[in-house]
Amino acid sequence: MSHYANYINELTGSTVVEDRYGFYQYSIFPEYLYIDEFYIDPQYRGFKEARRYIREMAEVAQKHNFTYLMGGVQLSNLNAASTLTLYLRNKCKLFSAENNCIYVKISIEDALSLGL
């Protein structure tokens, strides 16, 4: 794990998982797993790595007996439209919008079936 991943964990309590394709970061809340961030290196985009990341987070959420994952897209994100599109193409549903953020939700069942 990188120093940055250790720093994020120490600072926020979030978990960061890194591999050669990119990384994802999540937080555990009482009722769900929240997808804080994920990033796929541009050379690996289009190879379904984002789906694999969502499936891996769903496996963690399932171990906590959660029924869904949540994620959010900050509208100030330079890639907000493409990030939201990625979520929606991968079975996520719009949940709410507030404070310049659009929140999405996906069931564990749907997340585990991505890309299979």
Side-chain angles (χ1 to χ4, degrees):
M1 192 175 294
S2 70
H3 291 298
Y4 183 73
N6 289 333
Y7 165 75
I8 292 297
N9 180 261
E10 199 174 298
L11 182 70
T12 66
S14 297
T15 299
V16 178
V17 177
E18 301 169 299
D19 61 21
R20 65 184 252 194
Y21 305 103
F23 72 90
Y24 59 89
Q25 174 186 339
Y26 65 86
S27 298
I28 301 294
F29 286 87
E31 296 180 15
Y32 57 88
L33 180 146
Y34 185 80
I35 303 168
D36 293 306
E37 305 282 347
F38 66 86
Y39 172 80
I40 307 294
D41 187 295
Q43 67 181 336
Y44 297 113
R45 292 178 187 167
F47 292 96
K48 302 183 182 176
E49 296 305 320
R51 288 181 178 182
R52 180 175 60 84
Y53 285 174
I54 293 170
R55 279 195 318 267
E56 289 178 9
M57 287 184 274
E59 290 169 2
V60 172
Q62 190 174 45
K63 289 177 184 172
H64 285 85
N65 295 314
F66 297 148
T67 58
Y68 62 93
L69 294 90
M70 294 283 295
V73 179
Q74 291 289 334
L75 297 179
S76 60
N77 177 338
L78 297 178
N79 296 313
S82 61
T83 302
L84 184 58
T85 299
L86 184 139
Y87 276 129
L88 296 175
R89 283 187 181 161
N90 287 289
K91 300 185 181 181
C92 293
K93 308 281 189 248
L94 294 175
F95 180 72
S96 68
E98 57 185 78
N99 300 327
N100 290 319
C101 188
I102 298 172
Y103 294 96
V104 295
K105 181 177 178 178
I106 184 171
S107 72
I108 298 300
E109 181 180 315
D110 281 346
L112 291 173
S113 72
L114 288 174
L116 300 178

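Computed over heavy atoms, backbone and side chain alike; hydrogens, waters and symmetry mates excluded.
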Taking the side chain as every heavy atom from C-beta outward, state whether L84 and I102 have any pair of such atoms under 4.5 Å apart.
yes
Taking side chain to side chain contact (heavy atoms under 4.5 Å, CB included) as the test, write out the residues that go with Q43, two or more places apart.
D41
Pairs satisfying side chain to side chain donor-acceptor pair (under 3.5 Å), at least one member in residues 80-93, at least two apart
R51-N90, K91-S113
Suppose we screen for side chain to side chain contact (heavy atoms under 4.5 Å, CB included). Which residues come up paired with P42, at least two apart in sequence or across chains?
Y39, R45
Looking at residues at least two apart in the chain, or sitting in another chain, which of them share a ring pair (Phe, Tyr, Trp, His ring centres under 6.0 Å) with Y44?
Y21
Pairing residues for I28 by the side chain to side chain contact (heavy atoms under 4.5 Å, CB included) criterion, not counting sequence neighbours:
Y26, L33, V60, H64, F66
Do V16 and F38 belong together in a cluster built from hydrophobic side chains that touch within less than 4.5 Å?
no
Side chains of residues 68-78: which donor-acceptor pairs under 3.5 Å do they make with residues two or more places apart or in other chains?
unit_1: N77; atom_1: OD1; unit_2: N79; atom_2: N; d: 2.6

Can you name the residues that form a salt bridge (charged side-chain N to carboxylate O under 4.0 Å, His left out) with R52, not counting sequence neighbours?
D19, E49, E56
Test item: Y4 and N9 side chains (from C-beta on) under 4.5 Å apart, heavy atoms
no
For Y24, enumerate each residue passing the ring pair (Phe, Tyr, Trp, His ring centres under 6.0 Å) test, keeping only those at least two apart in sequence or located in another chain.
Y53
Least distance between heavy atoms, I108 atom then A61 atom:
CD1-CB, 3.4 Å
Residues at least two apart in sequence or cross-chain that pass ring pair (Phe, Tyr, Trp, His ring centres under 6.0 Å) with F29, listed by chain then number, are Y32
Pairs flagged by salt bridge (charged side-chain N to carboxylate O under 4.0 Å, His left out) wherever residues 25-38 is involved - sequence neighbours left out
none
For the residue pair S2 and E18, confirm or rule out a side-chain donor-acceptor distance under 3.5 Å.
yes
Could you state whether F23 and M57 fall into the same hydrophobic cluster, counting links through intermediate Ile, Leu, Val, Met, Phe, Trp or Tyr residues with side-chain heavy atoms under 4.5 angstrom apart?
no
Sequence neighbours excluded, the answer for ring pair (Phe, Tyr, Trp, His ring centres under 6.0 Å) partners of Y34 is none
Pairs meeting criterion salt bridge (charged side-chain N to carboxylate O under 4.0 Å, His left out) with involvement of residues 101-114, two or more places apart
none
For V104 and I35, what are the C-alpha separation, side-chain angles and deciding distance, and is it a side chain to side chain contact (heavy atoms under 4.5 Å, CB included)?
CA-CA 10 Å; V104 295; I35 303 168; over 6 Å; no
Nearest atoms (heavy-atom pairs only) where A58 meets L112:
CB-CD2, 3.7 Å
With a 4.5 Å cut-off on side-chain heavy-atom distances among I, L, V, M, F, W and Y, is there a chain of contacts connecting L88 to F95?
no
